[in-house]
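Encoded as structure tokens, the structure appears first; notes follow it.
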Amino acid sequence: MSYELEFEKPLQAIDKEIQNLKKRGDRLRPEDQTKIAVLERELAQRTAEIYAKLTPWQRVLVARHKDRPYTADYIRLLCTDYFELRGDRRFGDDRAIIGGLASIDGRHVVILGHQKGRDTKEKIEANFGMAHPEGYRKAARLMRHAEQFGFPVISLVDTAGAMLDLSAEERGISESIAENLQLMAILRTPIVVAIIGEGGSGGALGIGVGDRVLMLENSVYTVAAPEAAASILWKDSNFAPQAAEAMKITAPELLQLGLVDRVVPEPLGGAHRDHHAMADQLRQALTAELNELCDLPLDVLCARRYEKWRMVGIPASVAAV
Amino acid sequence: MREAEPALNGTGLNGASSSVQAVPDKIVTPCPRCRDLTLRRELEKTLMICPRCGYHHRLTAKQRITYLVDDITAFQEYDRDLTPQDPLHFVSRAQVYATKLKENQNETELSEAVVGGIGTIEGIRVSLAVMDFHFIGGSMGMVAGERLARAMDRAADMAIPLIICSASGGARMQENIFSLFQLAKTSATLTRLRNVKMPYISVLTDPTTGGVTASFASLGDVILAEPNAMVGFAGPRVIEQAIHQRLPSGTDTSEFVLEHGMIDAVVDRRSLRETIARILRFYTAS
Ligand SMILES: [Zn+2]
């Protein structure tokens with residue numbers, strides 16, 4: 001796997017050395033073997049060092065990494081069985097939000113999420129993960145389906161934002177998101193949300209309300225892209241790194257602020273380095289949350305979720321006034 | 001307009017200065033559409049509508065409430081002492097957020113972008129919340145969202161109709177996720193009205209864009225908009241930048257969303273009050 005991010009350049013040099021040695025194949029001498037082992041240890045150590053002190057902006061770059069696992073990858077890696085449900089039954093089938101019936105760790109669930117697309121063809125089909133109203137309405141349909149049949153919902157969030165174009169406005173992108181916010185607040189079945197990459201504003205929140213909100217270690221959650229915030233509040237989009245820092249967009253920061261419930265650790269060097277290990281971490285976290293939530297009586301579950309979102313984002317000092 | 005009595009509000013109010021915006025002190029006001037100059041006091045007589053072309057000027061919260069309720073002096077404002085916070089201690093090159101809040105408070109005489117309270121419209125008691133675009137673009141700070149949620153709670157608790165007049169550019173970036181989650185909070189809180197079978201009338205005024213449209217503003221049981229207001233998720237300028245194309249004129253206006261089935265009526269400001277009352281009587285009069 002390549003190293004493309006600027007701050008990964010020191011790793012690339014070490015990795016290149018390892019690959020060059022390995023190219024020798026059968027002609028590999030014992031001292032080369034030792035050298036490789038030393039270099040691999042160094043690579044792991046340097047990776048750990050770099051990733052231990054990523055800046056918020058570097059996390060944005062990791063969250064947007066082209067090799068990062070997407071919803072379709074998690075579905076493939078997490079689910080022992082999966083049947084895709086397509087279409088909003090009103091207008092079309094938006095490939096920017098996909099989902100269906102799934103079996104995870106022996107539990108039947110409805111899983112859904114934004115899909116960005118890996119290669120060019122997929123990216124265009126998925127509209128780079130930016131959903132139109134029919135995507136949010138398909139998600140609503142799947143969630144109502146889950147409620148009807150008592151399946152918990154797993155929602156994976158990964159979008160730069162909802163689609164901004166004429167057709168989205170004509171078909172009511174605002175209303176489609178607003179309806180979901182309300183639906184997810186009162187849906188009578190457990191909902192676990194995981195921000196797996198980019199949590200971009202209303203387009204993310206449109207499938208992002210639940211009993212628990214998880215964030216992968218290097219995912220980010222923003223009300224506006226750092227570039228957009230920088231161009232307004234710094235009058236220069238080149239200040240995106242400063243905006244990313246000031247806005248407190250990272251998983252550990254949002255956990256500390258009490259806005260999300262759990263940070264899911266990523267494998268060494270980020271989720272893009274090891275999809276299997278990442279999926280395993282996510283499965284453990286989802287299962288732990290679902291075990292707890294599925295044990296609750298529905299009335300208790302719903303009352304707690306309502307209270308969580310009614311009181312969200314208000315410090316106790318303000319709530320008391 | 002007066003503060004809610006302590007007994008009603010649940011907490012004592014310590015005589016904070018009026019949080020309602022004074023009318024800017026200008027003698028003539030130019031019309032942004034026809035460029036006609038109108039004497040300020042003439043404009044106020046016509047509810048801030050241009051006498052020549054009918055353009056609806058943006059209102060302050062105080063003007064909006066004055067034009068809607070029967071008696072502004074009987075309007076009980078709530079939550080005035082629920083003042084905005086700076087949860088991220090946000091500082092950018094252009095500004096310190098805490099300072100910006102203070103500046104906006106001084107300029108508008110509001111403490112946040114939302115004013116909420118109880119008043120009557122043609123004798124019908126309503127929970128009313130009004131957004132003021134002059135306060136940081138009517139953006140959704142955590143306390144703006146909390147004030148809206150409390151207006152919803154009051155409607156549900158008292159089993160009276162809810163009216164929200166929106167005017168907002170969307171999110172408040174200086175509060176990041178605290179701001180974003182207000183959309184979820186307000187949308188969730190609205191569900192309480194279902195239990196009391198009281199209507200929520202959402203009134204969209206110029207401009208209503210961004211997160212506000214993706215939450216409570218689009219969830220009205222009845223949705224009205226003032227003529228020619230900018231109404232939409234992104235707004236035409238943002239879309240044109242995003243897709244590098246010119247949009248047909250009239251995209252993301254009140255008339256556009258009416259045509260596309262998103263709202264029930266476009267209502268001239270001069271008949272807004274009576275229209276709201278007429279609608280409310282379906283739900284409140286036996
Ligand atoms: Zn005019």
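Any value given below was found using the heavy atoms of this structure, including those in side chains, with hydrogens, waters and symmetry copies removed. Since the model is a prediction, treat every value here as computed from it, not as a measurement. Protein chains get the first letters and strands the later ones, always in sequence-line order, with residue 1 at the start of each.
Both the backbone and the side chain of Leu259(A) come within less than 4.5 Å of a heavy atom of chain B. If you measure heavy-atom distances from Pro236(B) to chain A, you find no contacts under 4.5 Å at all. The part of Ala242(B) that comes within reach of chain A is its side chain, from C-beta onward, which places non-hydrogen atoms under 4.5 angstrom from that chain. Of the atoms belonging to Gln242(A), not a single heavy atom falls under 4.5 Å from chain B. In this structure, chain A has heavy atoms under 4.5 Å from both the backbone and the side chain of Thr213(B). Neither the backbone nor the side chain of Leu183(A) comes within less than 4.5 Å of any heavy atom of chain B. For Phe181(B), the parts lying under 4.5 angstrom from a heavy atom of chain A are both the backbone and the side chain. For Met173(B), the parts sitting under 4.5 Å from any heavy atom of chain A are the backbone and the side chain alike.
Other residues, nucleotides and ligands contribute only 12 or fewer heavy atoms inside 6.0 Å of the CZ atom of Arg237(B). Other residues, nucleotides and ligands contribute more than 12 heavy atoms inside 6.0 Å of the CD atom of Gln241(B).
Inspection of the Gln95(B) and Ser92(B) side chains reveals no N or O donor paired with an N or O acceptor under 3.5 Å. Residues Gln105(B) and Glu112(B) bring no donor and acceptor atom of their side chains to less than 3.5 Å of each other. Residues Ser166(B) and Thr208(B) have side chains that never bring a donor and an acceptor to within less than 3.5 angstrom of each other.
Both cation-pi conditions hold for Arg154(B) and Tyr78(B): the charged atom is under 6.0 angstrom from the six-membered ring centre and inside a 45 degree cone around its axis. Both tests do not hold together for Arg137(A) against Phe91(A): distance to the six-membered ring centre under 6.0 Å, angle to the ring axis within 45°.
One finds a salt bridge joining Arg212(A) and Glu289(A) here, because a Lys/Arg side-chain nitrogen approaches an Asp/Glu carboxylate oxygen to under 4.0 Å.
The greatest number of non-hydrogen atom pairs below 4.5 Å with chain B, out of Ala246(A), Gly202(A), Ala185(A), is found for Ala246(A). Counting heavy-atom pairs closer than 4.5 Å to chain A, the top residue among Thr186(B), Ile239(B), Ile177(B) is Ile177(B). No other option in Leu254(A), Ile232(A), Val209(A), Leu166(A) has as many heavy-atom pairs under 4.5 Å with chain B as Leu166(A).
In this structure, Leu112(A) and Leu156(A) have side chains that are not in contact, with every pair of non-hydrogen atoms separated by 4.5 Å or more. A heavy-atom distance below 4.5 Å is found between the side chains of Tyr97(B) and Arg172(B).
Scanning residues 217-225 of chain A against chain B with a 4.5 Å heavy-atom cutoff picks out Tyr221(A), Thr222(A), Val223(A), Ala224(A), ordered by number.
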